[in-house]
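These notes concern the structure reproduced below.
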Amino acid sequence: MDTNEILVLTVGAILVNNVVLSRILGICPFLGVSKRIETALGMSGAVIFVMTLASFVTALFNRFLVTQTFTINGTEVDLSFTRILLFIVVIAALVQIVEILLKKFSPSLYVSLGIYLPLITTNCAVLGAAELNADASRGLISSTVFGFSTGVGFGLALLLFASIRERLAIARIPKAMEGTAIALVTAGILAMAFMGFSGLVK
Amino acid sequence: MKDMTKASNPFYLAFFLLVVCGVSTLVMAVTAVKTDAPIRAAQAKETADSLKMILPPFDNDPAAEAIDITSPDGEPVKLYTAKNGGLVVGYAAEAAASGFGGKVAGIVSFKPDGTIDTVIIKSGHAETPGIGTKVTDRSVKRTISDVVKGVKPDTSKLPPNAALDSYSGVKPGDAKWTKEKDAVHFVSGATYSSNAVCDLVWYAATAVRAHLAAAEKKEAN
Amino acid sequence: MNSPIRTWRFHGGVHPADGKALSNSVPAQRAPLLERYTVAIQQNIGAPPKPVVQKGDTVKKGQLIAEPGGFVSAPVHAPTSGTVGDIVEVPGANGGAIPAIEIISDGKDEWGSGLDPIPNWKNTDREILKKRIADAGIVGMGGAAFPTHVKLSPPPEKVIDTLILNGAECEPYLTADHRLMLERTEAVLEGAAIAAKILRVDRVFLGIEENKPDAIAALNEKAGQYGVTVVPLHVRYPQGGEKQLIYALTGRSVATGGLPMDVGCVVQNVGSCAAIRDAVVEGHPLIERYTTVTGTPVANPGTWILRFGTTVEQALTFAGGVKARAAKVIMGGPMMGFAQTSLGVTVTKNSSGILLLQWKETAEYTSNPCIRCGRCVRACPMKLLPGPVSVMVESENYDEAEKNYVMDCMECGVCTFVCPAKRPLVQHFRRAKAEINAKRRAAKAKQA
Amino acid sequence: MLITILVSAGVVAAVGLILGALIGFTAKKFEVQTDPKIEAVQELLPGANCGGCGYAGCADFASAIVTKGADPSGCSACSDAMLAKIAEVTGKAAGKKEKMTAVVFCSGSFSRSARAADYNGILDCRSASIVAGGGGKACRFGCLGYGSCARACPFGAIEIRDGLAVVHPELCRACGKCVNVCPRKLIRLVPASAPIHVYCNSLEKPAKRRKFCKNPCLACKKCIRTDENHMQMQAGLVRVNYSNPPEASFVEQVKCPTGALQVEEIHRKIAALKPVEPAPKAAPAPKKEESK
Amino acid sequence: MSEEIEKNNIALPEPGSLVLSTSPHVQDGDSIARIMAKVLICLLPAVAASIWFFRFDAVRILVYCASFCIFAEYGWTLATRQAATIGDYSALVTGVILALNLPPGAPWWLCLIGSVFAIIVVKELFGGLGQNPFNPAAAARVALLVGFAGPMTQWAAPATGSLVSGATPLGAIHAVQGSADAMAQLGAPDNLMKLFLGNVGGSIGETSALAILIGGLGLMAFRLIKWQIPLAMIATIFVFTGIVHLAAPGLTPGPLYHILSGGVMIGAFFMATDMVTSPITPLGALVFGGVIGVLTCIIRIWGAYPEGVSFSIVIANALVPLIDRMCYIRPFGWHSHSVSALNIRRGEIK
Amino acid sequence: MSIFKEFTKGFWKENPVLVLVLGMCPTLATSSDAVKGLAMGLATTFVLMGSNLVISVIRKLVPGKIRIPCYIVVIATFVTVVKLLMQAFAPEAYQTLGIFLPLIVVNCIVLGRAEAFASKNGLLASAADGLGMGLGFTFVLVCLGCIREFLAAGTLFGISMQCWDNGFAIMGQAPGGFILLGLILAGMNLLNMRKAKKAGIKYEPPAEFDCRHCSICKLSTEEPVKTK
Ligand SMILES: Cc1cc2nc3c(=O)[nH]c(=O)nc-3n(C[C@H](O)[C@H](O)[C@H](O)COP(=O)(O)O)c2cc1C
Ligand SMILES: Cc1cc2nc3c(=O)[nH]c(=O)nc-3n(C[C@H](O)[C@H](O)[C@H](O)COP(=O)(O)O)c2cc1C
Ligand SMILES: Cc1cc2nc3c(=O)[nH]c(=O)nc-3n(C[C@H](O)[C@H](O)[C@H](O)COP(=O)(O)O)c2cc1C
Ligand SMILES: Cc1cc2nc3c(=O)[nH]c(=O)nc-3n(C[C@H](O)[C@H](O)[C@H](O)CO)c2cc1C
Ligand code: SF4
Ligand code: SF4
Ligand code: SF4
Ligand code: SF4
Ligand code: FES
């Protein structure tokens, strides 16, 4: 894997095909944890961490279990249909273990990140990244890089969004538009602007 | 653990989870096995349908016999050979190049001598509607009045596309086609998409040419 | 005008139409004796004084009628001789009703302060001088009414090297200090010399805006005798703001939450200095002051020497009443003064002016949102972010406002003056400061 | 086919088992105790985060209930059924509470009170109160009518009618937010069962009260004379004795000369006599009539 | 006493009719409407240039956008029962700037959709003037560009009116990418002069750098914009493209070509500077301009879109609260707290 | 509540998207045209109904501690089944849905209903709930898909309406989805405000992204608190 490929993967995942703004994954935490910049940063950190780890681990499973065909007694056994189940179970377990460890070893970090961890299990961006990796048959390193940059892309979108929402919080928004409605419109305009990056990676 | 009731006995929990996993895998596996053949068939049908549209009638299964080759530029190309009664009646090559919004993939069919016959674009979703699609799209939208009038879409022949059709009958030379010199059609304002089509046809054509040359050489040997 | 020392230019500020021409050439007139004065008991920042007279007592002019309620407090004296009436409620300049002692004049206007003149102050002990200033009830006459003797008693660890006389009078329309410096030049300078002796400083600056050339000339003539350097300054509001003045004259900036003495300075209004001189040299306590009664609706704008306890109504009568309809009656200047709803407000030690404005001259506030034009940011002499902070206050986010230094706002009104959206920014900041102070008090009370 | 099923089931089960064991192991090994009760109580609280209980939001209150034994009935937004459930979780008896409601002790709507000035500034009582004189009304004690309390109320129980705040008792949950916010200290929490109130808060000289307002309490004490058990003086003001409130018919019995003593519903209706105008977006800029 | 006054016939103010407000009691005369009117005046040169180059097309688009924007705003205030706000002219400014951002071939419905999007979606849904985090005109241009790519890329050669696709100076860059000679030709002085005067294809208001510059200087003279924004933006583009041009002459033409072509000028002076959507702190304005500059260069040089100014403005708009927060200058006296106290104790003061 | 009511509530009163604001990602991503929305909706309905059924059957057997993992396994099974079936019998729909098909596993609606309903109710009611919710979801997806498709391309279910050929293309892309859904939610708020006003009470639109109804993130809390 050369630097160019890494560049293409990262720029693509962060700017061009941003998970949130272009692929529309991970909207729940995007809308839910973007009220303050501090919490948004915490969430971004947690997502980057979990996504990197999960991409690596699921890639591992994909490589050595899911895409392998075993020949037993002359019959070919193709396990690819277990992919969804294995991925989600692995991610859920991973998040739980991380949560338990964090709680034990760094209570302060747990206090700032821990509350977001459960939310991440079902954050479709994590499973999405794993699925995208598997679909594109990426190797271990590429998968991990992709997971990491997808996480960074999520963080970038979340940070931008949280920054605007701080301003929205004190704006005189029409009553009916308050809350999720204006957040979605904002996300839409932001997504539109991000389309300007199309073509950066070909 | 204070009470070792059923509900919190770790072994019971593990056992229960095991059973659930087992049963669900069973269900999945049964479905997987049962759908295995239809899935393959569906996948094969897709390509076969495209090939049928751009190749003369054939009696073999080109999709099953497809081989992977590379163009002289190093681009991967998938080659299908159509035969009728054992005789090669045409080739089709699948290649991809980057366009405005991502990869544009297409299949190019060739006469047995390597002359381009027909070009179709399989996936050009990301090209801008109205700009890029001018280059890539062969589809004709069914209109509501057709539906009301009951006019059935004509599926027997491909809808025309000036840009794609301009490659028909061309045989690749040594230099790549350009807008200025060659007859091939570049849609102005959609340079990226035109370039992508041009690139992918070029990859396919040069790969087929190389393949034919190699085959000839082999035969000659 | 060349300045004798180097001066610094403070950030921001504005130059409103000054309106001083209405009154700056009119010599100050002594107001006629009134039948009745209602002297507000609290005329200083700090502890409220305690009345020491009963209804029916006879008093002499300058006699003590309320004694200080603590160290940071100032006594109040009878404005004329006569009898003590009821303790009544009068409207206060910043709203609400405040208690005042009624003095019914006997028409004789006899002095009887019980303070001896100290003409030979140069050889008098500094503590005696300080006590005299305290006894004379002198407070800052530049606006805040902070007891002067406190300012002149810096704690020993603070080294004071500069005394600054504030003759800037940067508020539009007001000409009281101007007339004072012109007419009582030597009193101002001698008072400064007394203060300088008390503080043991030999560097005394008098900062004055360039738009008072006659006063500058008069001061320059005598200043050398008293060791005072007169420094003409740019005409820019708020040049007279304490921190701005210190910066302009010395290049030192007073830290947020800090006091002038932290940078070795004491700032005194020129009126306070004249009062110091009167108290020391003549033995007269503070019972009257120069006050400008002005504004386009006023028939005869000018500066009057008014005794404390005079009502706005009476002061306006001296000036011939109004010739056009007034929309606002303001105690103080147009930038920092307080709008009044009643003419029963009385003149106190810090009433530098009574200003009337017509409809077309007054500010008109709206609840329009901030358009973030940034003018307030450019103009704020304290380098705050008035627009954004006001939005924080509007959404009742006081913590955020506090983090953005709303407590450093000196309410100079510059931001509001320039705001094109006509937002009542100062009101937002006052609200925020009130809420934050309340919160701090509550926190303190909880701690104790 | 059978093999596929067996192998895959085995693999999945194995993975599940390994992961489960891993989680179980880490959970056991690195266990940290937390009290599940707190979460349980938090679930039961309304989640309005109104702060009426005096804690920083529902979560804080929940932890206080469990760890410090705070009284759940401190939450005024909780239904009795919920309180019972919380008591169940914490194992403590639920406190009984009398239903309270807020009352604004003023009847000086714009059309029924004198004006002292044209107020031009922020339409908010707390902001208006820091301007000299505080708002446009002449009475120094009455309602400013700029609705700080209405905005503070998390349950929308206060409405401003013609420049006077009125409480809708059926919506009020007695959280006390409005009480703290009113700069004129006009609002008190009283038992909701009391049907009548003295709608005046003025400590002005009686003569002035008349000048400023159409329905002032002149402190003539007629009502107290009618029945000393029901009415009383409190800090210079005539008030209903809320530990023994009179019936609604008491109003007719007394014939209060100014109508300051009034039945709550009628008071609310009178306040609404002037049609409710939509709140202006901008502060009413004084009209610049002549001399412009 | 009061009887005495009446006897003397002295008139006094009548209490009860006085205005009560906080200080200050005077204001300088500027209002939002006057600011917007001044912006409109500063837009005149660009408007005039657009009409000069594109004749009736420019007039048509300007009239459409201006009136649609005003109608949209008026309709919104009617529908939401608010006081009418069209009197502050901000909708008119948005309309004119949007019009200047459209190609000469823009049909009426494009103007309508753009105007409604700008005013309703980007401005009013967020609460109206002063509350919108995104620049309405820029966001509307972005929406139209990605939504109606076809009509939005129908360029006309100036003064001829014949429609041509891709015939803009920036389109030209993409066409010849890879050839250093061609790039050098683009950056030739006579070509630059043409760009400066505006006799080139493009949106109706962006072609003449000169006209925009005149208006931009007016904006600065009126103190309506923060000079930091155009300065930082143009300087960043100059440096960025300069470096790239030196490193890879075949990739992109020289910096002057970039600055004079496309939307850089109008973006830098009229759009990035929209005060509602730009940082309020002076340092923040510098950073903001820099961000726009960098993003613009990235999109122009490596992206698929020939022009990136409006995308960059909208993305940078999203960063404004963050920028402001990080670039806040401390209040007066903040830094000297400890220093001055120390110095005095040591007797070191000047 | 009758079975019929369990079934119909998903359409409007407790519509998972409009009222409960769940499953934003699939809603936004797969409503770019009507056909895609329909495919996604039906696939989700299948999973919802199936998982609700199974969970309702086993609800008494599942120990509380491993409740959620069990549910996830069940859901994942149904997703895999639907994925395989679509791959075999509806390859085009399978292609267009892409990764959003496997992502049904983490769609909060599915687990949310399992948690909130099927784990507490009988077989028939759970099936009705799942079907109703699923069809409610489908209904919104198809409506949104129709609007977006029409605005973006002038077609409905791929058939040109002959109004315009190339419409407002971003409506078919991510930004259009965001903005339109935002407007629709605003419309819902407006409706609720009207209703509340008629009833004489004040309606506050949820200030934050409203995930109160979704218990999916409580995966790690061990013993669930039963609220009803
Ligand atoms: C919104 C937008 C969408 C575009 N979409 C495409 C596209 O899908 N395919 C394409 O080849 N060019 C597209 N372009 C055009 C190119 O970016 C650029 O204008 C073109 O390369 C110039 O063409 P020319 O070389 O014919 O002048 C688009 C441009 C814009 C502004
Ligand atoms: C609580 C308080 C304490 C003060 N203590 C001192 C002091 O010890 N020494 C001093 O020189 N000034 C002191 N000051 C006076 C201030 O420095 C300042 O001169 C006064 O507030 C009037 O300023 P102004 O008219 O600019 O508002 C104090 C002021 C306040 C409010
Ligand atoms: C914005 C502002 C402007 C001021 N302008 C003047 C002024 O022009 N003249 C003046 O004597 N004091 C002015 N003051 C008050 C001074 O800051 C300071 O309190 C005073 O000079 C201290 O002297 P004193 O205690 O003798 O009043 C101003 C204060 C502020 C906040
Ligand atoms: C210097 C200046 C530049 C402006 N630029 C824009 C602009 O680019 N787009 C726009 O919609 N409005 C612009 N406006 C108008 C106004 O600020 C805009 O309508 C607000 O963003 C609406 O809230 C500008 C105003 C000024 C004073
Ligand atoms: S001057 Fe007024 S409009 Fe401008 S930024 Fe400041 S508060 Fe906002
Ligand atoms: S009033 Fe306060 S914020 Fe406004 S300019 Fe003056 S110091 Fe700055
Ligand atoms: S009751 Fe108090 S807070 Fe409410 S409107 Fe009246 S004055 Fe304002
Ligand atoms: S009226 Fe007052 S006490 Fe009642 S709910 Fe509202 S804020 Fe709380
Ligand atoms: S549906 Fe995607 S994160 Fe919730």
Side-chain angles (χ1 to χ4, degrees), chain B residues 1 5-47 49 101 122-123 125-134 137 139-148 153, chain F residues 32 50-51 54-55 57-58 60-96 98 150 152-173 222-223:
Chain B
M1 199 99 7
T5 53
K6 232 168 65 174
S8 55
N9 181 332
F11 293 103
Y12 176 74
L13 295 183
F15 170 72
F16 193 92
L17 209 52
L18 217 63
V19 172
V20 172
C21 285
V23 172
S24 65
T25 322
L26 186 93
V27 174
M28 289 192 297
V30 171
T31 327
V33 172
K34 291 277 180 222
T35 52
D36 192 44
I39 289 176
R40 278 174 212 276
Q43 279 167 350
K45 187 167 172 286
E46 208 193 325
T47 325
D49 281 353
K122 269 177 73 183
S123 64
H125 306 304
E127 300 310 286
T128 316
I131 295 190
T133 50
K134 270 194 219 157
D137 224 10
S139 71
V140 178
K141 265 185 212 153
R142 266 190 99 187
T143 62
I144 188 75
S145 53
D146 286 349
V147 175
V148 171
Chain F
S32 53
S51 60
V54 171
I55 287 166
V57 170
I58 62 166
K60 299 239 170 76
L61 301 174
V62 188
K65 274 199 169 163
I66 51 163
R67 206 177 73 261
I68 300 281
C70 284
Y71 293 175
I72 287 202
V73 172
V74 171
I75 295 168
T77 308
F78 278 98
V79 174
T80 310
V81 168
V82 83
K83 180 183 164 187
L84 291 168
L85 289 177
M86 283 180 81
Q87 209 173 350
F89 304 112
E92 276 160 35
Y94 172 78
Q95 286 277 330
T96 54
F150 181 68
T155 61
L156 285 179
F157 290 92
I159 298 166
S160 166
M161 292 293 118
Q162 291 173 309
C163 303
W164 47 75
D165 278 344
N166 293 301
F168 201 10
I170 44 165
M171 282 302 154
Q173 294 158 327
E222 296 184 342
E223 215 45 69

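Below, read A as the first sequence line, B as the second, and so on, with proteins coming before strands; counting in each chain starts at 1.
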I need the [X] [atom1] to [Y] [atom2] distance, nearest 0.5 Å.
X        : Y        : atom1 : atom2 : answer
B:Met28  : F:Leu84  : CE    : CG    : 9.0 Å
F:Leu156 : B:Ile144 : CG    : CD1   : 7.5 Å
F:Lys83  : B:Thr35  : NZ    : OG1   : 10.5 Å

Looking at B:Ala41, B:Ala37, B:Ala32, B:Ser24, which makes the most heavy-atom pairs under 4.5 Å with chain F? B:Ser24
Do B:Gln43 and F:Gln87 have side chains that approach each other closer than 4.5 Å (heavy atoms only, starting at C-beta)? yes
Measure the shortest side-chain to side-chain distance between F:Thr80 and B:Thr31 over non-hydrogen atoms and say whether it is less than 4.5 angstrom. no
Counting only heavy atoms not in F:Gln162, do more than 12 sit closer than 6.0 Å to its CD atom? yes
Please flag which part of [X] lies under 4.5 Å from any non-hydrogen atom of chain B: side chain, backbone, both or neither.
X       : answer
F:Phe89 : side chain
F:Leu61 : both
F:Val62 : both

Using heavy-atom distances under 4.5 Å, tell me whether B:Val147 contacts chain F through its side chain, its backbone, both, or neither. side chain
Chain F contact via B:Ser145 - side chain, backbone, both or neither, heavy atoms under 4.5 Å: both
Taking all heavy atoms of B:Ala42 and all of F:Ala88, pick out the closest pair and write down the distance. CB-O, 3.7 Å
